[in-house]
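What follows is a set of notes on a single structure, which appears directly below.
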Amino acid sequence: MKIEFTPEQDALRQELRAYFSELMTPELTAEVSKAVGEGGGPLFWEAMDKLGKDGWIGVGWPEEMGGRGLSEMEQFIFVEEVMRAGFPFPFLTTESVGPILAKYATARMKEELVSKILGGKMMLGIGYSEPGAGTDLMSLKTTAKKDGDEWVINGQKMWTSLAHHADYIWLAARTNFDPEVKSHSAISIFLVPTDAEGYSCSPVHTLGDVRTNATYYDNVRVPADHLVGDEGMGMLMIFEQLNRERLSLVNVGSFLKLFNDVTQWASDTEMPGGKTVIDQPWVQINLAKCRAGLEALKLICYRQASEMTRGNLAMEDASAAKVYGTEFFVELYRNLAEVLGVSSTLHRDSKGSVLNGRLEELYRTASIITFGGGTNEVQRDLIARGGLGMPRAKR
């Protein structure tokens, strides 16, 4: 079987690669390198504005929504290239929450928000986990009660990534208040503006220098049309959103760039005696393991992007991609760190660091995505149930 992009898709990839080589100026690169995994600075927002005006953010979105009308595969190619370029693209907004919002939100909210998403003018944070409810969202305590033409929201969320940049929180809340009810129909989704009275956010700094947040909702009032979909549809939308998030988390773009940079370093760095680092057989083996794993992950991701184009991204397939990809990344970093040697452990601000300390930063963040978007232990359960027809694990 011959697996390859169409000539049009290859041309798109080359066009994007040239585009990002111009977009990523030294000034922009320096700005985003200071904020691990996210943007938020003035040059970041200028770049997002340009991406929106040039029509790239919505390359795979329907034309009637302001996109270019291409497929999910072209959208995936775009994200791969933007990440390969080192730009901290907010894929959770555009690739994960955005399409679900566009599918289920009220007409007014779609009109107001979709154009901003595709224009690069807003971010969304995701408010699912709570101090006492992470993997088991049926246990969440945040509530939303109807009061006339408004919903009144009370509760607390944990690990609300990008909340400090977000314009809205995509919030899961309980709308059925019977404590014995744990069915999916108890949960609904709301769009909560981060400038709403009663909303607050505090930082949570992680081992990997990535900031996440605790968010608080104290009698936050939102209009009735900020309910997304129908009341009680929350878990359906959460499942759809998480499938897309899990695939986005393992896009190989930025990891291919890291691999290529380490390979180039090994080719250019001389050892005593005149040979280069890459001349050593064990280095070649390490790099071969990395390259083979990346190629395997690319094929997994491309298959899922193809399924998304046909509207058929299955839960178990997204989970399989997420488990393989996130656990492979940990091994990727270990193998590449062995190639770089002691310098791979140095922070970017330390004397003697190489590749701007990227490998050291990434290794510290590697474990986060093994549970971000759903723990890999639970993903294995989903794969077993959905893909293999096995009974649900007891917990």
Side-chain angles (χ1 to χ4, degrees), residues 29-39 79-80 82-89 91-92 159 161-162 203-212 245-246 248-269 277-278 280 282-298 300-301 321-377 379:
T29 300
E31 180 187 279
V32 300
S33 68
K34 296 176 183 177
V36 180
E38 60 187 57
V79 177
E80 184 175 300
V82 72
M83 294 177 70
R84 181 182 179 277
F87 184 74
F89 188 68
F91 63 85
L92 283 178
W159 319 123
S161 297
L162 299 179
V204 177
H205 298 290
T206 69
L207 174 66
D209 292 339
V210 176
R211 171 178 167 170
T212 185
E245 178 179 341
R246 288 162 186 159
S248 298
L249 284 172
V250 295
N251 188 300
V252 299
S254 59
F255 307 100
L256 279 170
K257 176 175 173 52
L258 177 67
F259 169 80
N260 290 336
D261 288 346
V262 172
T263 302
Q264 189 64 53
W265 178 90
S267 299
D268 294 342
T269 302
V277 171
I278 205 170
Q280 301 172 94
W282 72 266
V283 171
Q284 296 169 14
I285 291 172
N286 274 29
L287 294 176
K289 288 178 181 177
C290 294
R291 181 58 184 267
L294 286 167
E295 289 300 312
L297 182 57
K298 275 205 300 186
I300 292 171
C301 290
K322 196 260 183 183
V323 170
Y324 172 77
T326 57
E327 295 185 2
F328 165 70
F329 291 150
V330 176
E331 295 305 313
L332 173 79
Y333 300 149
R334 286 175 179 163
N335 282 311
L336 294 180
E338 288 179 1
V339 173
L340 291 182
V342 174
S343 60
S344 69
T345 66
L346 297 179
H347 188 272
R348 65 176 179 270
D349 295 330
S350 299
K351 184 178 180 180
S353 68
V354 296
L355 303 182
N356 198 32
R358 279 187 291 136
L359 187 54
E360 185 271 339
E361 288 177 350
L362 288 168
Y363 189 74
R364 282 188 284 120
T365 65
S367 62
I368 294 175
I369 56 174
T370 63
F371 54 84
T375 65
N376 282 3
E377 291 79 4
Q379 301 314 301

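Residue indices begin at 1 and follow the sequence shown.
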(request) Applying side chain to side chain donor-acceptor pair (under 3.5 Å), name anything that partners D268, two or more places apart in sequence or on another chain. (result) Q264
(request) List for me each residue that meets side chain to side chain donor-acceptor pair (under 3.5 Å) alongside R291, sequence neighbours excluded, and say none if there are none. (result) E295
Tell me every residue that passes salt bridge (Lys or Arg N to Asp or Glu O under 4.0 Å) with [X], counting only those two or more places apart in sequence or in another chain.
| X | value |
| --- | --- |
| E245 | none |
| R84 | none |
| K289 | none |

(request) May I have all residue pairs that pass side chain to side chain donor-acceptor pair (under 3.5 Å) and include part of residues 335-347, sequence neighbours excluded? (result) N286-E338
Reported [atom1]-to-[atom2] distance for the pair [X] and [Y], which is rounded to 0.5 angstrom:
| X | Y | atom1 | atom2 | answer |
| --- | --- | --- | --- | --- |
| L359 | S353 | CG | OG | 11.5 Å |
| E360 | L355 | CD | CG | 12.0 Å |
| L346 | K351 | CG | NZ | 11.5 Å |
| L336 | C290 | CG | SG | 4.0 Å |
| T326 | L249 | OG1 | CG | 8.0 Å |
| N260 | F255 | CG | CZ | 13.5 Å |

(message) Applying ring pair (Phe, Tyr, Trp, His ring centres under 6.0 Å), can you list everything that pairs with F87, at least two apart in sequence or on another chain?
(response) F44
(request) Would you mind reporting whether V323 and T370 have side-chain heavy atoms less than 4.5 Å apart? (result)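 A side-chain contact is absent here, since even the closest heavy-atom pair is not under 4.5 Å.
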(request) Determine whether N251 and F91 make a side-chain contact, defined as any pair of heavy atoms from C-beta on separated by less than 4.5 Å. (result) no
Could you tell me which residues satisfy side-chain contact (heavy atoms from CB on, under 4.5 Å) with [X], sequence neighbours excluded, listed by chain and number?
| X | answer |
| --- | --- |
| S161 | T212 |
| W265 | T269, V277, V339, L340, V354 |
| S254 | M83 |
| Y363 | Y333, R334 |

Nearest heavy atoms of [X] and [Y], plus distance in Å:
| X | Y | value |
| --- | --- | --- |
| G325 | V250 | CA-CG1, 3.7 Å |
| F328 | L294 | CZ-N, 3.5 Å |
| I300 | Y324 | CD1-CD2, 3.7 Å |
| V32 | G86 | CG2-O, 4.0 Å |

(request) May I have all residue pairs that pass salt bridge (charged side-chain N to carboxylate O under 4.0 Å, His left out) and include part of residues 255-264, sequence neighbours excluded? (result)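 Those involving residues 255-264 are K257-D261, D261-R358.
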(request) Verify, without hydrogens or angle tests, whether R246 (side chain) and A321 (backbone) share a donor-acceptor contact under 3.5 angstrom. (result)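 Flag not set: sc R246 to bb A321 has no pair under 3.5 Å.
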(message) Between K298 (side chain only) and G293 (backbone N and O only), is there a donor and an acceptor less than 3.5 Å apart?
(response)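 Between the backbone of G293 and the side chain of K298 there is no qualifying donor-acceptor contact (under 3.5 Å).
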(message) The test is side-chain contact (heavy atoms from CB on, under 4.5 Å); show your working for L297 and F329 and say whether it passes.
(response) CA-CA 10 Å; L297 182 57; F329 291 150; 3.6 Å; yes
